[in-house]
Amino acid sequence: MHAYRTHTCNQLSVEHNGQTVKIAGWIHRKRDHGGLLFLDLRDHYGLTQCVIDTDNPLFEQVERLRLENVIAVTGEVVLRTDETINKNLPTGTVEVKLKEFEILSSLVTDMLPLQVNSDEPYGEDVRLRHRFLDLRRDVLHRNIVLRCDVISSLRRRMIEQGFLEFQTPILTASSPEGARDYLVPSRVHPGKFYALPQAPQQFKQLLMVSGFDKYFQIAPCFRDEDARADRSPGEFYQLDMEMSFVTQDDVLVVIDSVMHGVFEEFSGFKGEKWDVSKPPFVRIPYEESMLKYGTDKPDLRNPLEIVDVTEVFKRDDVTFNAFKTFIGKGAVVRALRVPKVSDRPRSFFDKLNDWARGEGAPGLGYILFHKEITEHKEGQSFEEGIISTAKGPIAKFVPPAALGELIKLCHIETGDAVFFVCDMPAKAAPFVGLVRTKVAEELDIIEKNAFKFCWIVDFPMYEMDEKTGKRIFSHNPFSMPQGGLKALETMNPLEIKAFQYDIICNGVELSSGAIRNHLPEVMEKAFELAGYPKEVLEERFGGMYNAFKLGAPPHGGCAPGIDRIVMLLAHEKNIREVISFPMNQQAQDLLMDAPAPVDAVALREINIKLDLPKAQVKDAG
RNA sequence: GCGGGUGUAGCUCAGCUGGUUAGAGCGCAUGCCUGUCACGCAUGAGGCCACGGGUUCGAGUCCCGUCACUCGCGCCA
């Protein structure tokens, strides 16, 4: 017999009846009836009930065992009687009649800081400090298994499509722009630092220049930025990929197929299978997304759409001066049509209005289109049909003809309401986007049980930095401008689009990607337009820039975030629920106690002297 | 860096308008219980009410500050 086990705790069934088996695991739960004791033994695979009674001289010893002790149990598999079968347990038709047992770990004597056999929500610091216990618990344990399965599926799908898996350096050079780097001091080169890669961006491009054609990596990325619920502090993983001799469309098709495949494969992880968008995923130009959804990461489960109705409020016969004056200063009016809500009580609209004020808006104007009146008759003008039915705070400022135009623009039907937001374009779009989300949540009309994908394409190459008034790269400096050198030389830079795309699922940004700028002369011009002289390009991106002068293929790729993919599939709101050993929000590892002070000798060796703000001196040892 | 929330037993939480002895469930300990599966029953141990200051005759409760955790903003090419 094997030293530890002949079967796992999820394996035994009626077919093992009568066999002597050995199983090993943690004591999940004990039910002590005095003369009879049940013990649920748990391993990675499942639970098996063991039973012992007072006929066995070991009874008292078993009775004394505590939860979470690790033991091996040897005994006979016996069938349960019909009344005692547990249908909730895969092994519930049998039990192991304990003959012998062996303690395999040092005995648990301390109080457990959290109970493994419970699904109570524990405080996150306790969970992180004792992550190994937390990871034993069912939900988290299964999430991590899902993560393993997703990664192996991604890997298989990439390899099947001819991609090669690479490793790239972890100790590398600091990259300008972007997030803050994690820096690692060099012992050999006093005063110099490595940086941990924010992404293997330049390496994967260099691999393309090296002629490898199709690259992928389950790539760790390090960014020293503050955490969010959907953003792990410090480090995260991407399915990083890049391919040569491709157009944007080629990249999108590959990712469509990988994402669709993985989501189809695992969409039933939480029970019922969810619908997954069929490829090709819909492609929405950035400008259209900002207009229709008020964001560059739209949740397409939300059926509501936004329309620009500035023209309507500009009309001479519209007398709503609050908007008119503002429009004169460059503001726009965005309308959100909400079907079938005109009969909602006044409180519904008041509540939304209060919410909007809470968000810093002056209020939320709306017009209601009541039922009886839009059912206009032949011969009656459209406008006549509408006039007495439009209600709401600003309806009286909008005469029938203008209402007719509004109805056409927004495809308004009887019983609808329309909300209005008037502001400068850069503010109106995101705010009406918030309204869109808020209203859909209130009405509970966000589609359930669906993973809805889309691509946002045609991002602008440059944008104005609001604070400095300077022109900057709006996504990253590596993207190819649409129209190439000619566009850079002739167009208004702010109107140039890039071959830059994001993939979105249910409002979550999974990845950015681009067709890269692999032409040195186009790079020079692109950087010049962002205010960087050629020297900066040479200094900061020298490795790649020089490589491009020695024969670079056109190439592009993207890098879907693995943690977020798993988070979506596991229906988790917090990314730490799909990471084995995450840091807390302050970027501390409470289990391993990192970051930690180092002693003076170590510091001297790397030529570092600390100069700490007063309050923190004591922490640094 | 800024704003919101939380902090009471090992864990999850309750604790009213400030009122004298601080409560429950789980876990732990002891005892009873031979078919449970979140077993049941009884008894018990376990508290710097995050920390520091203040108001008050009296503070777990009110006020101020600090710290920790968490959510969001800034940040995240």
Side-chain angles (χ1 to χ4, degrees), chain A residues 28-42 47-56 59 63-64 66-68 78 80-89 91-92 95 97 108-130 133-134 137 175-181 198-199 201-202 221-234 236 358-360 459 461-463 465-467 472-479 498 500 509 512 514 526-527 530 532 540-541 559 561 573-574 576 584-586 588 590 613 615 619:
Chain A
H28 186 66
R29 196 167 267 129
K30 259 169 40 184
R31 290 175 295 282
D32 188 350
H33 291 236
L36 175 79
L37 183 150
F38 299 101
L39 183 155
D40 293 337
L41 200 62
R42 182 194 72 239
L47 286 177
T48 299
Q49 173 168 286
C50 303
V51 63
I52 181 172
D53 64 24
T54 40
D55 294 346
N56 190 322
F59 186 86
E63 214 175 15
R64 277 198 298 273
R66 287 195 22 193
L67 299 187
E68 296 308 311
V78 295
R80 297 203 202 180
T81 61
D82 287 350
E83 317 86 70
T84 61
I85 284 175
N86 184 350
K87 288 181 187 131
N88 300 322
L89 215 59
T91 58
E95 61 196 3
K97 198 168 176 197
V108 175
T109 52
D110 292 352
M111 208 68 78
L112 290 168
L114 57 83
Q115 280 161 246
V116 174
N117 64 18
S118 153
D119 53 8
E120 270 191 89
Y122 294 99
E124 221 178 8
D125 44 342
V126 176
R127 295 179 56 198
L128 292 178
R129 194 163 275 120
H130 306 279
L133 288 179
D134 197 21
R137 299 203 302 157
S175 62
E177 309 214 19
R180 275 185 289 268
D181 287 315
Q198 295 183 24
Q201 180 69 33
Q202 294 190 64
C221 304
F222 305 89
R223 295 179 192 175
D224 185 6
E225 296 296 347
D226 291 328
R228 291 288 181 275
D230 66 349
R231 206 166 78 204
S232 172
F236 61 97
E359 294 291 321
F459 277 84
M461 184 83 186
Y462 301 99
E463 66 189 27
D465 186 324
E466 276 184 34
K467 283 176 223 152
I472 53 172
F473 287 114
S474 67
H475 253 70
N476 75 47
F478 307 108
S479 304
Q500 166 84 43
E509 182 187 325
S512 261
F527 273 73
Y532 297 107
R540 293 182 179 174
F541 300 95
K573 290 207 162 55
N574 193 306
R576 295 189 289 273
N584 69 5
Q585 203 179 19
Q586 279 77 243
Q588 295 165 300
L590 298 177
D619 295 335

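Chain letters run A, B, ... following the sequence lines, proteins first and then strands; every chain starts at 1.
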Practice problem: Taking atom C1' in both B:C64 and B:C57, compute the distance separating them and give it to the nearest angstrom. | Solution: 22 Å

Quiz item: Is A:Asn86 side chain donor-acceptor paired with the B:C37 base, going by distance under 3.5 Å alone?
Solution: yes

Quiz prompt | Lys/Arg-Asp/Glu bridge criterion (N-O < 4.0 Å) met for A:Asp53, A:Lys97 | solution = no

Exercise. Record whether the side chain of A:Gln115 comes under 3.5 Å of the base of B:G10 through a donor-acceptor pair of N or O atoms.
Key: yes

Quiz item: Do A:Arg228 and B:U70 share a donor-acceptor pair, side chain to base, under 3.5 Å?
Solution: no

Quiz item: Side chains of A:Leu67 and A:Val108: does their closest heavy-atom pair fall under 4.5 Å?
Solution: no

Exercise. Can you tell me the distance, in whole Å, between the CG atom of A:Asp125 and the P atom of B:U6?
Key: 16 Å

Quiz item: Does the B:C75 base have a donor-acceptor partner in the side chain of A:Arg231 within less than 3.5 Å?
Solution: yes

Exercise. Please report, rounded to the nearest Å, how far the P atom of B:C11 is from the CZ atom of A:Arg129.
Key: 10 Å

Quiz item: Does B:C16 have a Watson-Crick or wobble mate here (both distances under 3.5 Å), and if so which one?
Solution: none

Quiz prompt | Nearest-angstrom distance from the residue atom CG of A:Leu39 to C1' of B:U34 | solution = 16 Å

Quiz item: Is there ring stacking between A:His33 and B:C39, where the centres must be under 5.5 angstrom apart and the planes under 30 degrees?
Solution: yes

Quiz prompt | Nucleotide forming a Watson-Crick or wobble pair with B:C41, both distances under 3.5 Å | solution = B:G31

Practice problem: Using the P atom as the reference point in each nucleotide, state the distance between B:G18 and B:U56 in Å, no decimals. | Solution: 16 Å

Quiz item: Hey, is the side chain of A:Gln49 pairing donor to acceptor with the base of B:U36 inside 3.5 Å?
Solution: yes

Exercise. Would you mind telling me which of B:G25, B:U34, B:U36 lies closest to the side-chain atoms of A:Glu120?
Key: B:G25

Quiz item: Taking atom P of B:C32 as reference, at what distance in whole Å does atom CG of A:Leu36 sit?
Solution: 16 Å

Quiz item: Does A:Asp226 make a side-chain donor-acceptor contact with the base of B:G74, cut-off 3.5 Å?
Solution: yes

Quiz item: In whole Å, what separates the P atom of B:C28 from that of B:C39?
Solution: 11 Å

Exercise. Mind calculating the distance between CD (A:Glu124) and C1' (B:C71) to the nearest angstrom?
Key: 11 Å

Practice problem: Using whole Å, report how far CG of A:Asn117 lies from P of B:G25. | Solution: 17 Å

Self-check item: Basic-acidic side-chain contact under 4.0 Å: A:Arg127, A:Asp134
Solution: yes

Quiz prompt | Side-chain heavy atoms of A:Arg231 within contact of A:Gln585, under 4.5 Å | solution = no

Quiz item: Taking atom types as they are modelled, is there a donor-acceptor pair under 3.5 Å from the base of B:G35 to the side chain of A:Glu95?
Solution: yes

